[in-house]
Amino acid sequence: MQRRIVLQAVLKRLDHPSADQVFEAVRDNGPGISRATVHRTLDFLVNLGVITKACHPGRVARYDATTENHHHLVCLHCDRMIDFHDEQLAELKIPDTSAAGFEVQDYRVQLRGICRECLDRTRKDAR
């Protein structure tokens with residue numbers, strides 16, 4: 001039951017919530033669901049392939065209900081992640097990493113910059 005509540009909380013969101021954001025969403029709906037339970041459940045759902053985990057340096061892990069291959073736009077001001085689909089990125093040739101003893105199983109591209117809302121806010125502040 002707790003796993004279902006956590007999964008539903010992720011599926012309802014259009015953004016890429018952190019574990020803490022998921023916890024905030026479920027704590028009133030699922031009495032007895034602890035922060036640790038949410039973390040374990042999210043990891044369990046990632047291992048099942050039901051959701052994906054998006055990480056970028058210096059930030060908390062985020063969870064994504066969209067499991068098909070796609071990429072992300074990451075705002076450097078507000079930390080927002082936006083799904084981004086691009087055929088050229090989807091067709092990138094994966095380099096041979098066997099000499100490094102590494103087997104690539106998946107890839108995601110993150111384009112980092114400033115989202116529209118932050119750009120608009122910056123322009124308004126400059127006036």
Side-chain angles (χ1 to χ4, degrees):
M1 183 63 159
Q2 290 180 336
R3 288 178 178 168
R4 182 176 295 133
I5 291 170
V6 170
L7 175 59
Q8 288 172 343
V10 175
L11 295 176
K12 284 181 188 177
R13 296 185 68 125
L14 299 177
D15 60 352
H16 300 77
S18 67
D20 286 341
Q21 290 171 315
V22 174
F23 173 70
E24 292 297 321
V26 301
R27 71 177 173 182
D28 295 332
N29 297 336
I33 296 180
S34 68
R35 193 175 304 271
T37 297
V38 169
H39 280 270
R40 282 192 305 271
T41 301
L42 289 169
D43 287 341
F44 174 78
L45 294 171
V46 167
N47 287 334
L48 282 180
V50 177
I51 62 174
T52 61
K53 187 176 189 177
C55 301
H56 54 104
R59 305 289 186 202
V60 299
R62 309 281 282 283
Y63 296 88
D64 193 347
T66 305
T67 57
E68 76 256 1
N69 191 2
H70 68 286
H71 309 286
H72 293 114
L73 306 174
V74 179
C75 181
L76 296 169
H77 284 191
C78 70
D79 202 33
R80 180 177 178 202
M81 293 183 82
I82 303 164
D83 287 345
F84 182 70
H85 298 269
D86 182 87
E87 294 222 6
Q88 288 180 325
L89 291 177
E91 295 173 5
L92 281 178
K93 184 178 182 304
I94 304 300
D96 180 8
T97 57
S98 60
F102 191 83
E103 179 183 318
V104 176
Q105 297 183 348
D106 186 23
Y107 73 95
R108 311 272 179 187
V109 174
Q110 291 185 357
L111 302 172
R112 296 164 30 120
I114 312 300
C115 72
R116 180 178 294 133
E117 289 81 6
C118 288
L119 282 172
D120 290 346
R121 195 174 316 115
T122 301
R123 288 177 184 142
K124 283 180 186 177
D125 290 346
R127 290 183 208 161

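Everything numeric here is computed off the predicted structure, so don't read it as measured data.
Screening residues 85-98 for salt bridge (Lys or Arg N to Asp or Glu O under 4.0 Å) gives no qualifying pairs among residues at least two apart or on separate chains. For the salt bridge (Lys or Arg N to Asp or Glu O under 4.0 Å) condition, the pairs that include at least one residue of residues 11-23, sequence neighbours left out, are R13-D15, D20-R35.
For H70, the side chain to side chain donor-acceptor pair (under 3.5 Å) criterion is met by D64, H72, D83, not counting sequence neighbours. For T67, the side-chain contact (heavy atoms from CB on, under 4.5 Å) criterion is met by T52, not counting sequence neighbours. Taking the salt bridge (Lys or Arg N to Asp or Glu O under 4.0 Å) definition, one finds that D125 meets it with nothing, sequence neighbours left out. Legend: residues meeting side-chain contact (heavy atoms from CB on, under 4.5 Å) with A90, ordered by chain and number and at least two apart, are absent. A search for side-chain contact (heavy atoms from CB on, under 4.5 Å) contacts involving T37 returns Q2, I33, S34, R40, T41, not counting sequence neighbours. Remark: E117 engages R80, C115, R121 in a side-chain contact (heavy atoms from CB on, under 4.5 Å) (not counting sequence neighbours). Applying the side chain to side chain donor-acceptor pair (under 3.5 Å) rule to Q110 yields no partners; only residues at least two apart in sequence or on another chain are considered. When the side chain to side chain donor-acceptor pair (under 3.5 Å) test is applied to R62, the partners found at least two apart in sequence or on another chain are D79. Remark: H71 engages no residue in a side chain to side chain donor-acceptor pair (under 3.5 Å) (not counting sequence neighbours).
L111 forms part of a hydrophobic cluster together with L73, I82, F84, L89, L92, I94, F102, V104, Y107, V109, judged by ILVMFWY side-chain heavy-atom separations under 4.5 Å.
For L14, the CG atom sits in a loose shell: 12 or fewer heavy atoms of surrounding residues, nucleotides or ligands are nearer than 6.0 Å. When the shell of 6.0 Å around CD of Q88 is examined, it contains 12 or fewer heavy atoms from other residues, nucleotides or ligands.
Hydrophobic clustering of Ile, Leu, Val, Met, Phe, Trp and Tyr side chains at less than 4.5 Å, counting indirect connections, keeps M81 apart from V10. Linking ILVMFWY side-chain heavy atoms closer than 4.5 Å, directly or via other members, places V50 and F23 in a single hydrophobic cluster. In the hydrophobic clustering of ILVMFWY residues, with side-chain heavy atoms under 4.5 Å counting as a link, Y63 and V74 come out apart.
Counting heavy atoms from C-beta outward, K53 and D43 have side chains that approach closer than 4.5 Å. When side chains are defined from C-beta on, V38 counts as touching L42, because their heavy atoms get closer than 4.5 Å. Put simply, the side chain of L119 does not reach to within 4.5 Å of the side chain of H77, judged on heavy atoms. Side-chain atoms of R3 and L7, non-hydrogen and from C-beta on, never get closer than 4.5 Å to each other.
Here the closest heavy-atom approach between residue A9 and residue V22 is recorded as CB-CG1, 4.2 Å.
The main-chain N or O of Q21 is found under 3.5 Å from a side-chain atom of S18 such that the two form a donor-acceptor pair.
To the nearest 0.5 Å, the span separating CG on L45 from CG on L11 amounts to 8.5 Å.
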